[in-house]
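Take a look at the structure set out below.
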Amino acid sequence: MAPSQIVKKEPLGHELAQVRFGRLYREHGRAVLAYSLRRTGDPEDAADVVAETFLIAWRRLGDVPAGDRARLWLYAVARRVLANRRRAEQRRTRLGERLAESLRTELATPPVPSGEAAATLRAIGELGDGDRELLLLVSWEELSPGEAARVLGISSLAARSRLHRARRRLRALLEQRETAADRNPELDMEEAR
């Protein structure tokens with residue numbers, strides 16, 4: 001037998017699967033869509049359910065019964081898809097509620113810095129964006145210079161060098177403020193109010 005006469009069975013099986021799936025969709029796609037629409041009320045959600053249902057049907061095409069029983073099988077799959085979507089939505093809702101409650105309790109009583117901490121925060125606010133971000137990553141987020149480098153997309157060596165310069169600039173700002181406060185104690189009292 002010549003090589004051109006050899007028939008590959010796999011593509012033929014795939015072609016038959018495509019034909020069967022196409023027929024399955026043509027015969028039952030509208031019914032599954034109507035089923036989904038009646039249960040979701042939203043055309044976009046219903047279309048997502050149909051898509052997921054037929055994706056499962058494609059993956060499990062050998063399990064899909066023939067004839068009208070296929071519609072019942074697809075309804076059962078769509079029912080499970082809908083149930084999974086409802087559970088996922090409930091989980092997202094509960095998670096959102098927990099997060100909102102957590103944020104409310106944490107943000108309800110934010111710590112108000114005073115004294116040296118307040119002066120340091122004001123000085124950090126005066127730094128450039130790059131210096132400020134690097135200092136905050138290292139101090140507030142408690143990252144190492146190498147970890148901060150990965151966040152910023154720079155080399156570890158560059159992060160250490162920039163951190164050194166940022167700390168030096170912050171120290172200079174704090175010393176300037178301290179010197180100004182020593183010369184004018186009333187100014188310091190006004191800032192404290």
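This structure is a prediction, so every number in the text was calculated from the model and none was measured.
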So if you build clusters from Ile, Leu, Val, Met, Phe, Trp, Tyr with side-chain heavy-atom gaps below 4.5 Å, do [X] and [Y] land together?
{"X": "L127", "Y": "L136", "value": "yes"}
{"X": "V19", "Y": "F21", "value": "no"}
{"X": "L143", "Y": "L157", "value": "no"}
{"X": "L103", "Y": "L95", "value": "no"}

State which residues pass side-chain contact (heavy atoms from CB on, under 4.5 Å) with [X]; sequence neighbours excluded, sorted by chain then number.
{"X": "T93", "value": "E89, E97"}
{"X": "A100", "value": "R104"}
{"X": "R26", "value": "R23"}
{"X": "A149", "value": "I154, A159"}

Margin query: To the closest 0.5 Å, what do you measure between OG (S144) and CZ (R160)?
Written below: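 Rounded to the nearest 0.5 Å, the OG-CZ separation comes out at 9.0 Å.
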Margin query: With rounding to the nearest 0.5 angstrom, report the CZ to NE2 distance, R30 to H28.
Written below: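 Reported value, rounded in 0.5 Å steps: 14.0 Å.
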Taking the side chain as every heavy atom from C-beta outward, state whether [X] and [Y] have any atom pair closer than 4.5 Å.
{"X": "V64", "Y": "R20", "answer": "yes"}
{"X": "D129", "Y": "E133", "answer": "no"}
{"X": "S102", "Y": "R98", "answer": "no"}

Could you list the residues that satisfy salt bridge (Lys or Arg N to Asp or Glu O under 4.0 Å) with [X], not counting sequence neighbours?
{"X": "E147", "result": "none"}
{"X": "R169", "result": "D131"}
{"X": "D45", "result": "R85"}

Margin query: How about CD on E44, more than 12 heavy atoms from neighbouring residues, nucleotides or ligands closer than 6.0 Å, or not?
Written below: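 Counting other residues, nucleotides and ligands, CD of E44 stays at 12 neighbours or fewer.
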Notebook entry, point to check: Given L82 and R86, is the side-chain contact (heavy atoms from CB on, under 4.5 Å) satisfied, shown in steps?
Noted result: CA-CA 6 Å; L82 285 162; R86 275 192 294 279; 3.8 Å; yes
Name every donor-acceptor pair, under 3.5 Å, that has one atom in a side chain of residues 31-39 and the other anywhere in the protein, sequence neighbours excluded.
residue, atom, partner, partner atom, Å
S36, OG, V32, O, 2.9
R39, NH1, Y35, O, 3.1

Checklist line | Residue list, side chain to side chain donor-acceptor pair (under 3.5 Å) with S139, at least two apart or on another chain | finding: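 None.
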Check: Which residues pass the side chain to side chain donor-acceptor pair (under 3.5 Å) test with R167, sequence neighbours left out?
Finding: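 Partners of R167 by the side chain to side chain donor-acceptor pair (under 3.5 Å) criterion come out as none, since no residue qualifies.
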Notebook entry, point to check: So which heavy atom on A148 is nearest to which on L134, and how close?
Noted result: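 Looking at all heavy atoms of both residues, the closest pair is CB-CD1, 3.8 Å.
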Next item on the list: Measure across A123 and L174 and return the closest heavy-atom pair with its distance rounded to 0.1 Å.
Entry: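 Closest pair (atom of A123, atom of L174, distance): CB-CD2, 3.7 Å.
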Can you give each donor-acceptor pair under 3.5 Å made by side-chain atoms of residues 71-81, sequence neighbours left out, with the distance rounded to 0.1 Å?
residue, atom, partner, partner atom, Å
R71, NE, D68, OD1, 3.4
R71, NH2, D68, OD1, 3.4
R71, NH2, D68, OD2, 3.0

Donor-acceptor contacts, no H, no angles, side chain residues 52-60, under 3.5 Å, sequence neighbours left out:
residue, atom, partner, partner atom, Å
T53, OG1, V49, O, 2.7
R60, NE, D63, OD2, 3.0
R60, NH2, D63, OD2, 3.2

